[in-house]
2 protein chains.
Amino acid sequence: MSSRDDLRLASGPGAEVTSRLGYLLKHAQLQLGELTSAALAPYGLSGRELAVLLSLAGGEPASQQEAAQRLGVDRTTMVALLDALEAKGLVTRHPHAGDRRRNVVELTPAGQQTMRAATEASDDAERRFLAPLTGQAAGQLRAALQLLVTP
Amino acid sequence: MSSRDDLRLASGPGAEVTSRLGYLLKHAQLQLGELTSAALAPYGLSGRELAVLLSLAGGEPASQQEAAQRLGVDRTTMVALLDALEAKGLVTRHPHAGDRRRNVVELTPAGQQTMRAATEASDDAERRFLAPLTGQAAGQLRAALQLLVTP
DNA sequence: TATTGTTATACTCTATAACTATA
DNA sequence: TATAGTTATAGAGTATAACAATA
């Protein structure tokens with residue numbers, strides 16, 4: 001079932017569920033995810049793959065482990081994500097000079113270009129998702145989530 | 001990896017990812033989910049199962065299909081959820097009098113009692129999750145999510 | 001023909017355990 | 001011994017397709 005077919009007025013039957021925070025967070029994520037997936041499709045990227053590119057672009061060149069930590073996924077999960085991005089020519093893996101256990105992961109020029117274009121598309125999806133809110137309310141939402149997620 | 005091991009200051013490396021709305025929603029949901037799971041464990045319920053109980057308790061007795069729609073899951077997903085709740089003695093299924101294709105699903109007395117206690121535990125988990133926010137900010141967060149999720 | 005519940009199946013995301021190569 | 005990357009595997013959660021019973 002798509003995440004849009006199931007929504008109803010908060011005063012109807014089941015309002016006890018649909019007003020709970022867990023429900024709201026889950027369905028907000030589902031809806032944003034649908035918009036983002038559609039927006040990124042022309043670039044052949046998933047939202048998770050764009051997140052990997054962004055985590056690699058910010059700061060120092062990173063090992064796979066560091067990239068995984070930045071994103072909040074397991075290092076075993078990062079392997080498959082990087083396999084896909086490497087196959088698309090968007091990232092490269094090289095052994096670290098001083099510690100050959102590590103792979104230094106970097107964006108290729110194509111990866112940087114794709115990341116920039118895909119980020120704009122993703123930003124646009126965010127804007128459309130947040131359209132029901134005033135600019136102030138959208139800013140407060142983001143700030144509140146930052147506070148909750150950042151320890 | 002747990003969802004708490006990966007968090008860092010928003011100004012550090014990877015800030016481009018960790019300040020995106022999709023990341024914030026995902027990790028907010030993960031953190032609340034952990035708190036909720038722990039809070040519900042003494043009742044032998046998952047968050048999804050409590051959601052099913054709540055969706056059944058609100059309004060008229062529902063068919064499985066209606067329960068699935070209230071919750072926003074597929075009717076095939078609802079089958080397994082109800083199997084588990086029925087095995088625990090928390091819900092019953094009876095053929096609908098006027099339309100025997102349908103199962104009327106209702107909470108047993110044990111189901112109602114468990115639902116009430118588990119809801120209190122879940123509410124407490126929500127309060128702890130929202131503790132970093134002022135009461136006003138928490139209310140605004142909930143209202144904003146309602147607006148985004150309700151069409 | 002259409003709908004409800006069900007089953008079988010598959011796909012995504014994720015983590016744990018164990019392997020390897022390096023340190 | 002410990003760590004980084006990898007592989008195999010398993011477990012949620014989810015949906016699609018097809019079936020039986022019923023409308």
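Residue numbers start from 1 in every chain, and the chains themselves are labelled A, B, ... in the order their sequence lines are given, proteins ahead of strands.
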Worksheet item: Which residue pairs pass the salt bridge (Lys or Arg N to Asp or Glu O under 4.0 Å) test when at least one of the two sits in residues 106-116 of chain B, sequence neighbours left out?
Response: none
Fill in: side chain to side chain donor-acceptor pair (under 3.5 Å) contacts in which one or both residues fall within residues 40-53 of chain A, not counting sequence neighbours
A:Glu49-A:Lys88
Identify each atom pair where a protein N or O and an N or O of nucleotides 10-12 of chain C are less than 3.5 Å apart, giving names and distance.
none

Practice prompt. Report the distance from atom CD of A:Gln65 to atom C1' of D:dT6, rounded to the nearest whole Å.
Written response: 12 Å
Response to the item:
Contacts of B:Ala51 meeting side chain to side chain contact (heavy atoms under 4.5 Å, CB included) (sequence neighbours excluded), chain-then-number -> A:Val17, B:Leu71
Practice prompt. Go through the structure and list residues passing side chain to side chain donor-acceptor pair (under 3.5 Å) with B:Thr76, not counting sequence neighbours.
Written response: B:Asp74
Worksheet entry | Contacts of type side chain to side chain donor-acceptor pair (under 3.5 Å), residue A:Thr108, not counting sequence neighbours | none
Discussion item. Among residues at least two apart in sequence or on other chains, which ones pass side chain to side chain donor-acceptor pair (under 3.5 Å) with B:Asp99?
Written reply: B:Arg101, B:Arg102
Practice prompt. Take atom CG of A:Asn103 and atom P of D:dT3, then tell me their distance rounded to the nearest Å.
Written response: 18 Å
Fill in: Residues from residues 83-95 of chain A lying under 4.0 Å of DNA chain D - heavy atoms
A:Arg93
Fill in: Rounded distance (Å) that lies between atom C1' of D:dG13 and atom CG of B:Leu81
10 Å
Worksheet item: So do the side chains of B:Leu54 and B:Met115 get within less than 4.5 Å of each other, counting heavy atoms only?
Response: yes
Practice prompt. Tell me which nucleotide among C:dT4, D:dA4, D:dT16 gets nearest to the side chain of B:Asp74.
Written response: D:dT16
Practice prompt. Report the residues that fulfil side chain to side chain contact (heavy atoms under 4.5 Å, CB included) with B:Ala125, sequence neighbours left out, ordered by chain and then residue number.
Written response: B:Leu35, B:Thr36, B:Ala39, B:Arg128
Practice prompt. Tell me whether the OP1 or OP2 atom of D:dA4 has a side-chain N or O from A:Gln64 closer than 4.0 Å.
Written response: no
Worksheet entry | Whole-Å distance separating the NE2 atom of B:His27 from the P atom of C:dC13 | 14 Å
Worksheet item: With A:Glu86, which residues qualify under side chain to side chain contact (heavy atoms under 4.5 Å, CB included), at least two apart?
Response: A:Val91, A:Arg93
Worksheet item: Once you round it to whole Å, what is the distance between P of C:dT3 and CD of B:Glu66?
Response: 14 Å
Practice prompt. Take atom NZ of A:Lys26 and atom P of D:dA12, then tell me their distance rounded to the nearest Å.
Written response: 15 Å
Discussion item. So which atom in B:Ala144 and which in A:Leu141 form the shortest heavy-atom distance, rounded to 0.1 Å?
Written reply: CB-CD1, 4.3 Å
Fill in: Protein-to-nucleotide contact annotation, 5' to 3' order, nucleotides 18-23 of chain D [B base; S sugar-phosphate only; - none; under 4.0 Å, heavy atom]
B---BS
Worksheet, complete the sentence: Sorted by chain and number, sequence neighbours left out, side chain to side chain contact (heavy atoms under 4.5 Å, CB included) with A:Glu126 holds for A:Leu32, A:Arg142, B:Arg20, B:Leu21
